[in-house]
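Residue numbers start from 1 in every chain, and the chains themselves are labelled A, B, ... in the order their sequence lines are given, proteins ahead of strands.
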Amino acid sequence: MKKYLNQKDLPSLNNGKKTAEKADKPASFFLTVYKIARQVPRGRVTSYGAIAEASGLKITGRMVGWAMAAAGGAKPAVPAHRVVNSKGELSGAAHFATPTLMQELLEQEGIEVKNNKIINFQSVFWNPATPGPKKRVTKQ
DNA sequence: TTGTTGACCGAGT
DNA sequence: AACTCGGCCAACA
């Protein structure tokens with residue numbers, strides 16, 4: 001599998017001018033996804049779908065996962081280990097340097113992982129769409 | 001160029 | 001409870 005070492009190597013970015021016909025839209029959702037992922041605080045996690053939703057772009061969790069797969073060498077680093085699926089499972093663990101690395105990183109941040117799944121997922125979940133106080137539910 | 005495949009997700013069978 | 005399916009975008013074969 002091909003790996004991207006840094007942003008310059010990413011496909012379809014601004015310099016690629018392929019998808020950048022309009023200026024009011026990002027040329028690629030990669031950067032948007034990375035930006036959101038980097039806001040996840042230490043000791044908290046979010047989900048692929050939540051990032052997709054918060055991006056405001058028409059992308060789905062699948063695309064976020066794909067972006068994460070390419071995030072390996074991105075600078076600044078993307079805390080991809082803090083992104084799990086909607087059930088709190090470490091579905092991306094296999095993509096790390098070692099199959100156990102993702103879990104180890106999470107445990108270092110005080111997150112309990114058992115059976116490839118986060119314990120107390122609900123309480124450590126961090127929603128990028130509502131990062132602040134959890135009042136105000138502007139959902140339509 | 002067309003078709004298949006994802007670190008997904010929720011709704012429908 | 002297990003399974004399929006549509007939606008999304010880009011990369012491969």
Please enumerate all protein N or O atoms sitting under 3.5 Å from an N or O of nucleotides 3-5 of chain C, with distances to 0.1 Å.
none

Is A:Glu112 atom CD crowded by more than 12 heavy atoms from other residues, nucleotides or ligands, each under 6.0 Å away?
no
Roughly how far apart are A:Ile51 CD1 and A:Asn127 CG, rounded to 0.5 Å?
10.0 Å
Per the under-4.0 Å heavy-atom filter, residues of residues 85-93 of chain A near DNA chain B come out as A:Asn85, A:Ser86, A:Ser91, A:Gly92
Rounded off to whole Å, could you give me the CZ-to-C1' distance for the A:Phe121 and B:dC9 pair?
12 Å
Measure from CD1 on A:Ile51 to P on C:dC9 and round the result to the nearest Å.
17 Å
Atom pair distance, as rounded to whole Å: NZ in A:Lys117 and C1' in B:dA7
17 Å
Please report the closest heavy-atom contact between A:Phe29 and A:Leu57, naming both atoms and the distance.
CB-CD1, 3.5 Å
Using a heavy-atom cut-off of under 4.0 Å over every strand shown, decide if A:Ala80 touches base, sugar-phosphate, or nothing.
base
From CD1 of A:Ile59 over to P of C:dA10, roughly how many Å is that when rounded to an integer?
10 Å
Atom C1', compared across B:dA7 and C:dA2: separation rounded to whole Å
22 Å
Who pairs with A:Pro41 by side-chain contact (heavy atoms from CB on, under 4.5 Å), at least two apart in sequence or on another chain?
A:Arg44, A:Trp126
Flag, side chain of A:Asn115 to backbone of A:Lys117, donor-acceptor distance under 3.5 Å
no
Could you give the CZ-to-P distance, from A:Phe30 to B:dA7, as a whole number of Å?
13 Å
Which nucleotide in the set C:dA10, B:dA7, B:dC9 lies at the smallest distance from any side-chain heavy atom of A:Phe29?
C:dA10
Beyond-backbone contact of A:Ile59 with A:Val33, side-chain heavy atoms, under 4.5 angstrom
yes
Going by atom type alone, with no hydrogens or angles, which donor-acceptor pairs under 3.5 Å involve a side-chain atom of residues 76-86 of chain A and a protein atom two or more places apart or on another chain?
from, atom 1, to, atom 2, distance (Å)
A:His81, NE2, A:Glu109, OE2, 3.0
A:Arg82, NE, A:Glu109, OE1, 3.0
A:Arg82, NE, A:Glu109, OE2, 3.1
A:Arg82, NH1, A:Val40, O, 3.0
A:Arg82, NH2, A:Glu109, OE2, 2.8
A:Asn85, OD1, A:Lys87, N, 3.0
A:Asn85, OD1, A:Gly88, N, 3.2
A:Asn85, OD1, A:Glu89, N, 2.9
A:Asn85, ND2, A:Glu89, OE1, 3.1

A:Met102, A:Met68: one ILVMFWY side-chain cluster at the under-4.5 Å cut-off?
no
Would you check if A:Leu90 and A:Leu106 make a side-chain contact, meaning some heavy-atom pair closer than 4.5 Å?
yes
Test your reading of the model: is there a side-chain donor-acceptor pair from A:Tyr48 to the backbone of A:Trp66, 3.5 Å cut-off?
no
Would you kindly give the CG-to-P distance between A:Asn127 and B:dC9, to the nearest whole Å?
13 Å
Tabulate protein N/O versus nucleotide N/O from nucleotides 3-6 of chain B, keeping only pairs under 3.5 Å, one per line.
from, atom 1, to, atom 2, distance (Å)
B:dG6, N7, A:Arg62, NH1, 2.3

Expressed in angstrom and rounded to an integer, what is the separation of A:His81 atom NE2 from B:dA7 atom C1'?
14 Å
With sequence neighbours left out, write down each residue that passes side-chain contact (heavy atoms from CB on, under 4.5 Å) with A:Leu101, or none if nothing qualifies.
A:Phe96, A:Ala97, A:Thr98, A:Glu104, A:Leu105
